[in-house]
Amino acid sequence: MPVPPSRGRPIRSPRRIFLRIFLIVTLGMAASLGLVRIYALSMGASGSAFLGRVLEARAALPQILAEEEDLVMFFGSSMTEAGFSARIFDRELAERGANAKSFNFGFGGLNPLFQDYLSRRLREAFEAEDRKLELALIEFNPFQATRTRYERAVPAIDAYVGMLASPGELLEILLEDPTRGMRILTIHYLRDDVSAEMATWYFGEFLRPPVPESDLEQDEARQERLDEVSDTLNAKFEEEYPDWDGSQWNYGWQGAGTIPSERSEETLELMREFYQLLRTEKHMADDLLWREYSADILNLEFEEELVAAFIRMVGEFQRFSKRVEVVMLPRNTDWIQYSPEARARLDAVVRRIQEETGVTFRDYQVIEEITPEMFGDTTHLARYQGDVPFTRFLAERYAPVLNGERMASAEATSEALASK
């Protein structure tokens with residue numbers, strides 16, 4: 001039986017209905033994306049905020065490559081950022097008859113997976129100008145390559161890869177895994193490098209177990225004085241560096257921090273007091289608990305993907321460097337002590353890096369020149385008190401290298417490890 005036409009209502013074709021549904025869904029998604037972008041912007045969440053120091057350092061590569069001196073780069077984690085004073089290194093080299101222009105490429109928050117991508121961008125820039133690093137020092141940070149560290153980075157992987165990968169690498173990902181490739185492209189081009197996983201991780205913070213803290217009590221009077229000193233130091237910085245542009249990676253400072261010769265005696269005294277006040281038992285104990293929670297710093301259960309990425313990254317540097325060495329930075333032995341099992345795992349990874357890359361590996365974790373009082377926390381060297389003596393230590397050892405001499409074989413890691 002034929003269906004009678006609707007009284008007074010036009011019959012709409014399925015195509016028009018589907019088109020309206022499509023437009024409504026598209027507009028709804030665009031509105032949702034806009035709201036997310038507005039909220040992220042209000043919170044200061046963006047790729048440029050997460051990797052600001054990295055992006056600024058990359059932008060400085062043309063200027064670095066235009067330098068006439070031999071180039072030296074110290075590449076690593078936030079421990080490198082805190083522990084290597086590039087300008088002091090150059091001055092110490094000059095006093096020993098060696099000349100070079102060095103740069104601090106230490107970045108917090110980058111595990112070896114992300115460092116691998118960044119090293120490719122460095123290689124491309126150097127090869128494009130037919131330049132080579134005279135010396136590349138690459139930090140191997142054991143707790144950056146652990147399974148725990150990798151698992152905590154999972155929500156950020158696609159966002160960071162979108163920022164650090166080349167268009168060709170993004171195309172390879174798209175062809176190999178279209179779903180992941182489209183997700184990375186969407187995050188990078190539409191979401192300002194803030195992935196849904198990162199947002200979920202942020203909003204789900206209250207659902208995760210709390211970060212462990214020690215039972216030690218805070219010394220309120222000491223904390224109050226620390227706050228006063230910190231405020232005074234901030235004011236002194238503005239006074240002593242009126243032209244500072246707020247950059248996270250400052251070319252004039254060669255990617256490192258300030259140096260004592262630029263500061264007043266009052267400032268230097270305040271810096272000493274600042275670190276003395278900071279190094280309370282509670283602060284150090286809480287910092288160690290955080291490192292255990294976030295990076296497995298004492299147990300060192302390594303993640304294969306991160307170890308393999310570190311080895312690839314060393315290989316990238318070997319393609320545009322005349323000499324590459326891997327180093328481990330000083331360890332705060334008052335707080336970071338390895339068990340025999342953790343030490344064995346670390347030694348095995350060190351041997352693997354040496355065997356698969358052929359690189360010279362130097363263990364500077366325990367050296368006479370650096371004591372626990374030179375640290376600001378359980379891992380990072382303190383400004384002036386730690387970075388200056390360690391930088392001088394490096395200059396003394398690498399000046400002969402940059403002068404074409406060989407370092408004493410006693411400095412080799414194999415012998416250093418055997419002596420432990």
Side-chain angles (χ1 to χ4, degrees), residues 74-85 88-89 92 104 106 137-146 149 275 278-279 281 283-285 287-292 295-302 307 310 314 324-354 359-401 407-420:
F74 201 148
F75 184 91
S77 71
S78 60
M79 288 175 59
T80 293
E81 179 184 352
F84 178 66
S85 182
I88 289 178
F89 184 76
E92 293 288 327
N104 184 320
L137 298 178
I138 301 175
E139 174 201 357
F140 178 65
N141 184 336
F143 65 82
Q144 261 201 332
T146 62
R149 189 63 179 260
Y275 283 111
L278 184 65
R279 286 189 296 263
E281 287 289 315
H283 170 73
M284 302 298 278
D287 188 65
L288 177 59
L289 288 172
W290 162 249
R291 291 297 177 185
E292 290 184 88
D296 191 23
I297 192 171
L298 297 180
N299 200 42
L300 296 182
E301 292 285 352
F302 290 100
V307 174
F310 184 87
V314 172
V324 177
E325 295 197 359
V326 176
V327 302
M328 287 195 290
L329 269 64
R331 171 164 48 93
N332 189 337
T333 54
D334 273 0
W335 293 92
I336 310 299
Q337 290 286 347
Y338 299 140
S339 66
E341 294 78 13
R343 183 77 239 186
R345 284 190 285 270
L346 176 56
D347 292 349
V349 168
V350 169
R351 285 193 295 270
R352 177 181 171 188
I353 293 170
Q354 288 177 295
V359 75
T360 298
F361 199 116
R362 302 191 188 279
D363 184 351
Y364 294 142
Q365 283 199 321
V366 182
I367 54 177
E368 293 181 358
E369 289 80 359
I370 301 297
T371 64
E373 293 74 23
M374 296 178 180
F375 286 81
D377 54 28
T378 60
T379 56
H380 297 87
L381 290 169
R383 180 60 49 83
Y384 309 153
Q385 299 172 46
D387 64 338
V388 172
F390 181 61
T391 298
R392 287 174 175 159
F393 169 87
L394 292 173
E396 181 179 350
R397 278 146 185 79
Y398 287 100
V401 173
M407 293 179 71
S409 60
E411 294 280 328
T413 297
S414 57
E415 295 189 25
L417 291 175
S419 67
K420 294 187 182 296

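For the single chain, residues carry numbers from 1 onward in sequence order. Worth saying up front: this structure is predicted, and the values here are computed from it rather than measured.
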Undergrad: Checking side-chain hydrogen bond (donor to acceptor under 3.5 Å, both in side chains) for the pair Gln144/Ser77: CA distance, chi angles, key distance, verdict?
TA: CA-CA 8 Å; Gln144 261 201 332; Ser77 71; 4.7 Å; no
Undergrad: Restricting to non-hydrogen atoms, name the atom on Asn104 and the atom on Phe84 that form the minimum distance, rounded to 0.1 Å.
TA: ND2-O, 2.8 Å
Undergrad: Considering residues, nucleotides and ligands other than Glu281, do more than 12 of their heavy atoms fall under 6.0 Å from its CD?
TA: no
Undergrad: Do Arg397 and Glu369 meet the salt-bridge criterion of a basic N to acidic O distance under 4.0 Å?
TA: yes
Undergrad: Taking Asp377's backbone N and O only, do any of them form a donor-acceptor pair with Asn332's side chain (distance below 3.5 Å, no angle check)?
TA: yes
Undergrad: When Tyr338 is tested against each of Arg345, Arg343, Gln365 for side chain to side chain donor-acceptor pair (under 3.5 Å), which residue passes?
TA: Gln365
Undergrad: Which atom pair, heavy atoms only, marks the closest approach of Tyr384 to Pro389?
TA: O-CD, 3.5 Å
Undergrad: With a 4.5 Å limit on heavy-atom distance, are the side chains of Met284 and Arg279 in contact?
TA: yes
Undergrad: Going by heavy atoms in the side chains, are Phe143 and Thr379 under 4.5 Å from each other?
TA: yes
Undergrad: Roughly how far apart are Glu373 CD and Tyr275 OH, rounded to 0.5 Å?
TA: 15.0 Å
Undergrad: Hey, does the side chain of Ser85 reach the backbone of Val388 with a donor-acceptor pair shorter than 3.5 angstrom?
TA: no
Undergrad: Please confirm whether Arg352 makes a cation-pi placement over Phe302, using NZ or CZ under 6.0 Å from the six-membered ring centre and within 45° of the ring normal.
TA: no
Undergrad: Atom CG in Asp363, atom CE in Met328: separation rounded to 0.5 Å?
TA: 3.5 Å
Undergrad: Can you classify the ring geometry of Tyr398 versus Tyr364 as parallel (below 30°), tilted (30 to 60°) or perpendicular (above 60°)?
TA: perpendicular
Undergrad: Below 4.5 Å, heavy atoms only, C-beta onward: do Ile138 and Phe310 meet side chain to side chain?
TA: yes
Undergrad: For Leu329 versus Phe74, what's the shortest heavy-atom pair and its separation?
TA: CD1-CZ, 3.6 Å
Undergrad: Measure the CG-OG1 distance between Asp287 and Thr378 for me, rounded to the nearest 0.5 Å.
TA: 3.5 Å
Undergrad: When rounded to the nearest 0.5 angstrom, what is the spacing between CG in Leu288 and CD in Gln337?
TA: 11.0 Å
